[in-house]
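I have placed the structure first, in the form of structure tokens, so that the comments after it can refer back to it.
Bear in mind the structure is a predicted one, so any value in this text is a computation, not a measurement.
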Amino acid sequence: MYARPGNSAGGDDFPARVPGSGEEITPGQPVPGTEPPDSEVIARRRGMWGSGEDSGDTSGFGDLQKVYVLPGTTEPPFGGWFDDVADKMAEMVPGFASRVIVHRGEITFFVVREKLLELVKVLRDDPALRFEACTSVSGVHYPDQPQHELHAVYELLSYTHNRRIRLEVELDDADPHVDSVVPVYPMANFHERETWDMFGIIFDGHPGLTRILMPDDWVGHPQRKDYPLGGIPVEFKGAEVPPPDERRRYDQ
């Protein structure tokens with residue numbers, strides 16, 4: 001939750017105050033105690049790019065404060081066809097998930113890594129499920145979640161039943177391996193290559209896990225949160241644009 005203009009009794013004037021306390025808040029600052037119940041606060045950060053005055057943030061948003069919250073676990077019944085799908089998945093692959101989240105009308109199954117390949121075969125082939133397409137494989141990096149910093153995310157679509165679900169596998173940064181789903185969903189081939197290229201998730205059994213966006217000799221994975229924001233200066237007709245962490249601060 002964030003304080004926004006108009007939230008204070010005096011209209012759009014800041015600083016406002018947290019209701020019931022004397023604590024002042026400024027635009028973008030999370031209001032203490034307003035995180036949803038059973039949610040997981042994964043980070044509290046200051047500035048646009050970093051977490052403090054010395055982060056190299058030159059955007060002018062150095063005083064912006066944000067809290068990053070993941071929704072909490074959802075207990076069954078989930079509602080509608082979500083329960084039919086979840087029950088069938090549990091029947092066919094017992095113990096396949098560590099938790100389930102229903103958020104904003106979408107359902108996400110956090111799948112045990114060793115169960116993934118078995119599960120997607122069932123999801124594709126079982127007549128009651130029939131998720132024929134894996135429309136996307138992507139990665140997320142949560143550096144403040146020890147032992148499950150990397151998440152592999154799979155979006156599945158059932159043409160037969162007109163349904164969509166999401167699978168998510170949590171991985172330790174020290175062991176970022178998960179089975180490739182290409183043997184089940186060949187269309188995931190280049191998605192897994194891109195996810196490895198950008199995040200460093202290794203898809204075991206992939207037929208050709210090589211870089212797809214960056215040069216073959218590139219070092220690192222650019223969409224990880226710990227990847228440096230700096231770069232090389234760029235010249236335009238004699239004018240030089242320095243890397244982000246070397247630009248002047250706009251609040252000075």
Side-chain angles (χ1 to χ4, degrees), residues 35-42 68-142 144-189 191-192 195-196 199 201-206:
E35 292 85 6
D38 195 31
S39 60
E40 180 183 3
V41 177
I42 59 171
Y68 295 82
V69 181
L70 296 181
T73 302
T74 304
E75 298 295 334
F78 306 123
W81 60 264
F82 288 171
D83 291 292
D84 298 333
V85 169
D87 291 345
K88 190 63 177 180
M89 293 166 69
E91 174 190 339
M92 301 297 291
V93 187
F96 75 92
S98 59
R99 69 184 189 277
V100 180
I101 291 176
V102 177
H103 184 59
R104 296 182 177 178
E106 300 178 347
I107 188 165
T108 302
F109 298 93
F110 284 76
V111 179
V112 177
R113 174 170 58 173
E114 293 75 16
K115 300 276 188 177
L116 177 65
L117 201 54
E118 178 186 1
L119 180 66
V120 294
K121 291 177 182 177
V122 167
L123 287 167
R124 182 194 63 183
D125 297 338
D126 189 275
L129 300 172
R130 283 280 188 258
F131 285 90
E132 299 96 341
C134 178
T135 60
S136 172
V137 180
S138 57
V140 191
H141 183 213
Y142 296 108
D144 298 314
Q145 288 188 312
Q147 298 183 336
H148 46 100
E149 297 91 344
L150 293 170
H151 292 208
V153 183
Y154 306 79
E155 307 285 346
L156 303 187
L157 168 64
S158 170
Y159 296 116
T160 300
H161 302 292
N162 190 25
R163 296 169 174 173
R164 294 178 184 270
I165 63 172
R166 181 180 299 110
L167 309 180
E168 196 158 335
V169 180
E170 298 175 311
L171 303 170
D172 191 331
D173 193 14
D175 182 24
H177 289 261
V178 65
D179 287 331
S180 171
V181 300
V182 170
V184 180
Y185 296 116
M187 65 187 73
N189 187 314
H191 290 283
E192 291 186 349
T195 303
W196 174 78
F199 291 93
I201 297 174
I202 301 170
F203 296 92
D204 295 329
H206 189 283

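- Residues that satisfy the ring-ring contact (aromatic ring centres under 6.0 Å, His included) test with F109, not counting sequence neighbours, are F96.
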Less than 3.5 Å apart, which donor and acceptor atoms pair up between the side chains of residues 77-90 and the rest of the protein, not counting sequence neighbours?
residue : atom : partner : partner atom : Å
D83     : OD1  : F78     : N            : 2.7
D83     : OD2  : F78     : N            : 3.2
D83     : OD2  : G79     : N            : 2.6

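- Residues meeting the salt bridge (charged side-chain N to carboxylate O under 4.0 Å, His left out) test with R99, sequence neighbours left out: E170.
- Scanning for side-chain hydrogen bond (donor to acceptor under 3.5 Å, both in side chains) contacts around S180 gives E192, with sequence neighbours left out.
- With sequence neighbours excluded, the residues forming a salt bridge (charged side-chain N to carboxylate O under 4.0 Å, His left out) with D173 are R224, listed by chain and number.
- For the pair E132/S158, a side-chain contact is recorded, criterion being any heavy-atom separation below 4.5 Å from C-beta on.
- Residues satisfying the side-chain contact (heavy atoms from CB on, under 4.5 Å) criterion with D204, sequence neighbours excluded, are H177, D179, I202.
- In this view, E118 satisfies the salt bridge (charged side-chain N to carboxylate O under 4.0 Å, His left out) rule with no residue, not counting sequence neighbours.
- Legend: residues meeting side-chain hydrogen bond (donor to acceptor under 3.5 Å, both in side chains) with E114, ordered by chain and number and at least two apart, are absent.
- Not counting sequence neighbours, the partners of R166 by the side-chain hydrogen bond (donor to acceptor under 3.5 Å, both in side chains) test are E106, T108, E155.
- Remark: H151 engages Y142 in a ring-ring contact (aromatic ring centres under 6.0 Å, His included) (not counting sequence neighbours).
- Looking at residues two or more places apart in sequence or on another chain, you find no side-chain hydrogen bond (donor to acceptor under 3.5 Å, both in side chains) involving S136.
- Listed by chain and number, the residues in a salt bridge (charged side-chain N to carboxylate O under 4.0 Å, His left out) with E149 amount to none (sequence neighbours excluded).
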